[in-house]
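First up is the structure itself, then whatever we jot down about it.
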Amino acid sequence: MRASDSGDDARDGKDVWAPWMHKVRGRSRPFIENGLAFGLYVITQQLLIMPFLARSIGEDSFGQVILFLAVFNILCNVLGEELGNALIVKARTYSSYRGSGDFAALLAISLTIATVVVALVAIIFRLSPLFILVGGATILIGVVRFYLIAHWKLSLQFRLILVTNLIYALGATTGLVATRFGGMTLLPFFLGETAALLFVVSKRFMEPGLPGKADRRLTREFGATASLYWQLAVAALVINVVGYMDRLLILPILGSSAMAIYYAASSIAKSAIAIINPVAGVVLAKLAHLETARGNAVVEALVKRLPILFSVLLIASAGASLGGVALLYPQYQSSAASIILPVGLMTALSATSAIMKPFIIRFYSRILYLASNLLFGGTLVLGYITLAEQFGLIGFAYAGVLARVVQLIAYLVLLRTGANR
């Protein structure tokens, strides 16, 4: 055989594989881009802003920052991100309208709710006017930004979300420098969110067909869309509040030492598995373009693969807990050893449920989805109170496992019974 023949064969082989490789890269790119975007956002907050503030301000002030971040995450996820999810789910319905004011009206209502919640938090915790002014503005900006990026999720432009979070990181870094020289403690969050929103708004207004020369009045779909949004928001509220429930309940039940041990064992695993959230966002965006008949087949394939997914997630979460305690909290290594397994189980179950979420809200009963999460929240609170009193910290950890098992079973019942909306 001539050398040129073998060269031709090699080129032919590459030509055969090239379309397949291009297809794989095309399918995986949204997941990679959204995962990187989410990772950058988490790293900026958890590895840059919070450690810096912990070293720079007193414990009382840092406690207020933790409170702010909890309220920020809950309100932005519940009011901003879930309104964006409603937009994604209803995309096919609104494609026949030239324009609509439905989502703008719902966003205005959401901002009003956020303002009321911020005011209540200020009164309950007696926060300073300046802290509330900057913190409240940051939260409102975040709600708007979390909603607006749903348009990019729908069109699978996750690269723009990555750029947005890079700009957030730059703004937050500028705020840290200002804080270092005597600036407001919330300035990194405020400047980060402001810079990110300015980028999102500027890009959105440059897109074809924007802004609204189109009809911006409410449509006849408003009632159904509002109902969908509130169902998703209430379910997300339960999930987010419950997500912070361990930190709220462990201190009065078991004390500060148990709280430190539990946080050391769980924080790294939760952060590592949190990558599931942006992946689920990509899945929902893709499902928005899928017919229900094909969706049922996809769900069936997902259910068959859940045991493998759970096994991988369990190994990853348990490994993250072990590594996190050993590297970052070695003083708690022996005390935390007994709860590594339940923390790993709880985190893996939570991540598995998060993978199932977009399939449920796209194809199945959202009322039952809400009921499932209310059942989960009730089981969690009851378990925390009863098991912690009987078995201490390990009982507290296994209460989380029990609640997550209940949630997963409820989700499986929804998927397996085909309880379509």
Side-chain angles (χ1 to χ4, degrees), residues 63 66-67 69-75 77-78 117 120-121 124-125 234-274 276-277 310 313-314 317-318 320-322 324-325 329 332 334-354 356-357 369-413:
I66 294 173
L67 172 65
L69 196 56
V71 175
F72 174 90
N73 286 329
I74 290 172
L75 290 179
N77 288 331
V78 171
V117 172
L120 289 174
V121 171
I124 294 171
F125 291 95
V234 171
L237 178 63
V238 173
I239 292 172
N240 279 271
V241 169
V242 166
Y244 291 95
M245 192 66 70
D246 51 1
R247 298 180 189 181
L248 297 174
L249 292 180
I250 193 171
L251 185 60
I253 296 175
L254 298 175
S256 57
S257 177
M259 182 179 183
I261 296 169
Y262 184 83
Y263 180 82
S266 62
S267 59
I268 302 303
K270 287 184 177 180
S271 297
I273 296 297
I276 296 298
N277 294 324
F310 172 75
L313 291 168
L314 176 58
S317 58
S321 292
L322 282 170
V325 173
Y329 306 100
Y332 299 119
S334 59
S335 302
S338 63
I339 62 170
I340 292 295
L341 177 58
V343 164
L345 284 168
M346 179 178 60
T347 307
L349 288 165
S350 174
T352 304
S353 297
M356 298 163 69
K357 173 186 172 181
Y369 166 69
L370 172 58
S372 299
N373 285 293
L374 289 173
L375 176 63
F376 159 64
T379 304
L380 185 64
V381 173
L382 183 62
Y384 277 157
I385 295 173
T386 57
L387 293 181
E389 290 181 353
Q390 293 293 322
F391 304 104
L393 182 58
I394 193 168
F396 189 90
Y398 273 106
V401 176
L402 174 63
R404 288 296 180 182
V405 168
V406 169
Q407 182 188 43
L408 183 63
I409 291 174
Y411 281 11
L412 283 171
V413 169

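Start at 1 with the first residue, then count along the sequence. Only this structure's heavy atoms are used, side chains among them; waters, hydrogens and symmetry mates stay out. Values in this document were obtained by computation on a predicted structure and should not be read as measured data.
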Closest approach of [X] and [Y], non-hydrogen atoms and distance?
| X | Y | result |
| --- | --- | --- |
| Gly400 | Met346 | CA-SD, 3.6 Å |
| Leu349 | Val401 | CD1-O, 3.8 Å |
| Leu313 | Ala351 | CD1-CB, 3.7 Å |

From [X] atom [atom1] to [Y] atom [atom2], the distance as rounded to the nearest 0.5 Å:
| X | Y | atom1 | atom2 | result |
| --- | --- | --- | --- | --- |
| Leu69 | Ile74 | CG | CD1 | 10.0 Å |
| Thr352 | Gln407 | OG1 | CD | 10.0 Å |
| Ser372 | Ile409 | OG | CD1 | 11.0 Å |
| Leu408 | Tyr411 | CG | OH | 9.5 Å |
| Phe310 | Ser317 | CZ | OG | 7.5 Å |

Donor-acceptor pairs are to be reported for all side-chain atoms of residues 378-397 against protein atoms at under 3.5 Å, with residues two or more places apart or in another chain.
{"from": "Thr379", "atom 1": "OG1", "to": "Leu375", "atom 2": "O", "distance (Å)": "2.8"}
{"from": "Thr386", "atom 1": "OG1", "to": "Leu382", "atom 2": "O", "distance (Å)": "2.8"}

Original post:
Taking only residues two or more places apart in sequence, or in another chain, which ones meet Ala236 in a side chain to side chain contact (heavy atoms under 4.5 Å, CB included)?
Top reply: Val78, Glu82, Asn240
Original post:
Is there a side chain to side chain contact (heavy atoms under 4.5 Å, CB included) between Phe376 and Val405 once you walk through the steps?
Top reply: CA-CA 9 Å; Phe376 159 64; Val405 168; over 6 Å; no
